[in-house]
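Down below is the structure, laid out as C-alpha cells.
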Amino acid sequence: TRGQYFCAVMESIDYEVFHTARTKCFFDKKPNEIENIAEMKTAINSTGSEDYWRDLFKQPDSAFFVLFKKDDNEQVDIIGVADIQFHDFKKYGTKYPQLQTGHILTEHRENQLVDLLYQARLEFLLKETNFHEVGLAIEPHNTTSIKAAKRNGFFEVSATNDSKAKPGT
C-alpha cells in the first residue's frame with residue numbers, strides 16, 4: 001500500500017477481478033511491452049479469450065496480484081497485474097518461484113508503481129511459503145524492467161540465466 005494505491009492477491013472467488021485486470025493490461029496502449037504477448041495471443045486464438053483467462057487463473061502453481069488505485073471519491077480502478085509461477089526445478093528438488101508479468105497500464109507508469117507489485121509478491125512468498133529465493137527472467141532489451149528489478153533487490157546472474165534475489169534482503 002502506498003497512499004491511494006494498493007495491491008491484492010487474488011483468491012479463488014476473485015476470477016472476475018482477475019479477468020478484468022488481465023484483459024485491461026492485454027489491451028493496454030503498449031501491449032507489446034508484455035514479454036509473452038505472442039504466446040498469449042496464440043493461446044487466446046486457439047482456446048478463446050474466456051477459456052484462456054479461466055485456465056490461467058485455475059493453475060494450481062500460481063499466485064495472481066492486482067494493483068488498484070483509489071481516487072478521492074473512493075472509486076477503485078485496476079491499474080496493474082503481476083503473478084508468481086512455481087516451476088519444477090530438478091536441481092532444487094522442489095518447485096521454485098518465479099516472478100512473472102508485472103504490467104502497469106501505460107497511463108499509470110509513474111512514481112515506480114511496479115515496486116508495489118514487487119513488494120506484494122515478495123511479502124506473499126515470505127508469509128505464505130517456505131521459499132527464501134525467487135527467480136525473475138527479463139528480456140535483455142527491456143531496460144525499464146531491469147532497472148525496476150534492480151531497484152527491488154534483484155541482481156543479474158548472467159545474460160542467459162534468471163536473475164535471483166532473496167526476498168527481504
Whether Asp71 side chain and Asn73 backbone form a donor-acceptor pair below 3.5 Å | yes
Okay, side chain of Asn152, backbone of Ala148: is any donor-acceptor separation there less than 3.5 Å?
-> yes
Scan Val134, Ile84, Leu117 and name whichever one has a side-chain contact (heavy atoms from CB on, under 4.5 Å) with Leu122.
-> Val134
Report yes or no: do Gln85 and Asp83 form a side-chain donor-acceptor pair below 3.5 Å?
-> yes
Taking atom [atom1] of [X] and atom [atom2] of [Y], what is their separation to the nearest 0.5 Å?
X	Y	atom1	atom2	value
Met10	Phe65	CE	CZ	9.0 Å
Leu113	Cys7	CG	SG	10.5 Å
Phe154	Ile138	CZ	CD1	8.0 Å
Gln4	Lys70	CD	NZ	10.5 Å
Lys150	Glu156	NZ	CD	6.0 Å

Grab the two heavy atoms, one from [X] and one from [Y], that are nearest each other, plus how far apart they are.
X	Y	result
Leu125	Thr129	O-OG1, 2.5 Å
Pro140	Ile146	O-CD1, 3.6 Å
Phe86	Ser62	CD1-N, 4.1 Å
Asp14	Val9	OD2-O, 4.1 Å

Relative to Tyr118, does Arg121 satisfy both conditions: NZ or CZ under 6.0 angstrom from the six-membered ring centre, and within 45 degrees of the ring's axis?
-> yes
Any side-chain heavy atom of Phe68 sitting closer than 4.5 Å to one from Leu116?
-> no
Between Val81 and Leu67, is any pair of side-chain heavy atoms under 4.5 Å apart?
-> no
Decide yes or no on side chain to side chain contact (heavy atoms under 4.5 Å, CB included) for Leu136 and Gln100, but give the supporting numbers first.
-> CA-CA 7 Å; Leu136 172 64; Gln100 294 185 322; over 6 Å; no
Worked verdict on Arg151 versus Gln112 for side chain to side chain contact (heavy atoms under 4.5 Å, CB included) = CA-CA 10 Å; Arg151 192 172 59 244; Gln112 301 174 341; 3.4 Å; yes
Begin with the C-alpha distance, continue with both residues' side-chain angles, and end with the deciding distance and a verdict on side chain to side chain contact (heavy atoms under 4.5 Å, CB included) for His103 and Arg109.
-> CA-CA 9 Å; His103 185 81; Arg109 291 185 186 160; 2.9 Å; yes
Leu105 and Ile78: same hydrophobic cluster, using ILVMFWY side-chain contacts below 4.5 Å?
-> no
